[in-house]
Amino acid sequence: MTVDGRLARGERTRAAALDAAVVLATEAGLHGLSLAQLADALGVSKSGLFAHWRSKEALQLAAIDRAVEQWQERIVAPALRAPRGVRRIRALHEARIDFYAARVLPGGCFFANTQFEYNARPGPVRDRLAEAFRRWTAFLEELVRQAVDAGELAADVDVPQLAYEIDAVGMSAAMHSRLLEPEAAYRHARQGLLDRLRALCTDPTLLPEGRP
């Protein structure tokens with residue numbers, strides 16, 4: 001029981017540290033994230049964190065993995081409760097905008113920030129980010145393909161192109177909301193994706209105006 005208790009406490013400490021690391025990465029950059037910086041933010045010793053991550057790079061890679069998990073929990077999982085097809089695509093986009101609007105990460109979107117930060121920095125961290133982005137793109141394409149197969153989008157829809165546009169609208173909202181009027185950015189992002197889907201949908205009544 002003692003061993004199990006220690007393991008549980010260790011896992012809770014690790015999870016809390018990674019959540020803090022994701023926040024710090026959005027505020028000060030993933031490249032600058034270090035064990036010392038994280039220890040200062042948490043008010044713990046660096047040696048305590050060293051038991052979980054043996055290097056700065058290991059911490060950075062773990063922070064990426066945690067950001068992916070957070071994305072799955074807060075954006076993907078809620079969307080998958082919507083019916084397959086165009087309504088699920090819209091639900092995914094709405095969940096993404098809701099996540100941004102809630103300011104869960106005070107420094108903005110982890111992936112929007114790190115994509116710009118690491119686009120010219122080769123190495124394992126960039127590779128891990130690129131892999132996460134590839135999986136996200138593949139997921140978007142799969143949702144579009146499902147909508148085509150369901151007959152809710154025309155058979156001649158360019159699947160990769162539409163997936164690209166869906167992500168681009170979300171990325172634009174992430175960036176504009178940090179520098180300009182956030183509510184306007186979110187409103188434009190919601191309406192922009194809705195208009196695009198309704199123009200392509202075989203039954204636009206599946207996508208009514210307003211919040212779904």
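Since the model is a prediction, treat every value here as computed from it, not as a measurement.
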Spell out, as yes or no, whether a donor-acceptor pair under 3.5 Å connects the side chain of [X] to the backbone of [Y].
| X | Y | result |
| --- | --- | --- |
| Lys56 | His31 | yes |
| Glu117 | Leu30 | yes |
| Arg84 | Gln146 | no |
| His93 | Ala189 | yes |
| Arg88 | Ala82 | yes |
| Thr26 | Gly107 | yes |
| Thr202 | Ala154 | no |
| Ser172 | Ala168 | no |

I need the [X] [atom1] to [Y] [atom2] distance, nearest 0.5 Å.
| X | Y | atom1 | atom2 | value |
| --- | --- | --- | --- | --- |
| Ser34 | Leu59 | OG | CG | 8.0 Å |
| Asp158 | Leu200 | CG | CG | 10.5 Å |
| Leu197 | Leu153 | CG | CG | 7.0 Å |
| Asp127 | Ile64 | CG | CD1 | 9.5 Å |

Note to self: I'd like to check the side-chain contact (heavy atoms from CB on, under 4.5 Å) partners of Ala150; sequence neighbours left out, ordered by chain and number.
What the structure shows: Glu152
I'd like to check [X] versus [Y] (side-chain heavy atoms, cut-off strictly below 4.5 Å). Are they in contact?
| X | Y | value |
| --- | --- | --- |
| Asp167 | Leu140 | yes |
| Phe110 | Gln70 | no |
| Phe139 | Leu92 | yes |
| Glu141 | Val144 | no |

Checklist line | Distance-only polar pair, side chains of Gln115 and Asn119, donor-acceptor under 3.5 Å | finding: no
Note to self: I'd like to know if the side chain of Arg96 pairs up with that of Tyr100 as donor and acceptor (distance under 3.5 Å, no hydrogens or angles considered).
What the structure shows: yes
Transitively linked via ILVMFWY side-chain contacts under 4.5 Å: [X] with [Y]?
| X | Y | result |
| --- | --- | --- |
| Tyr186 | Ile166 | yes |
| Tyr164 | Leu194 | no |
| Met175 | Phe111 | no |
| Met171 | Leu105 | no |

Next item on the list: Please name the pair of heavy atoms, one in Cys109 and one in Ala174, separated by the smallest distance, quoted to 0.1 Å.
Entry: CB-CB, 3.8 Å
State plainly whether the residues [X] and [Y] are in salt-bridge range, i.e. N to O under 4.0 Å.
| X | Y | answer |
| --- | --- | --- |
| Glu73 | Arg66 | yes |
| Arg187 | Glu183 | no |
| Asp195 | Arg190 | no |
| Arg128 | Asp65 | yes |

Next item on the list: Please go through Leu179's hydrophobic cluster and name the other residues, only I, L, V, M, F, W, Y counting, with side-chain heavy atoms under 4.5 Å joining them.
Entry: Leu180
Check: Is the NZ or CZ atom of Arg121 both under 6.0 Å from the centre of the six-membered ring of Tyr118 and within 45° of that ring's axis?
Finding: yes
Item checked: Criterion side-chain contact (heavy atoms from CB on, under 4.5 Å) against Arg196, the qualifying member of Ile89, Leu162, Val169 -> Leu162
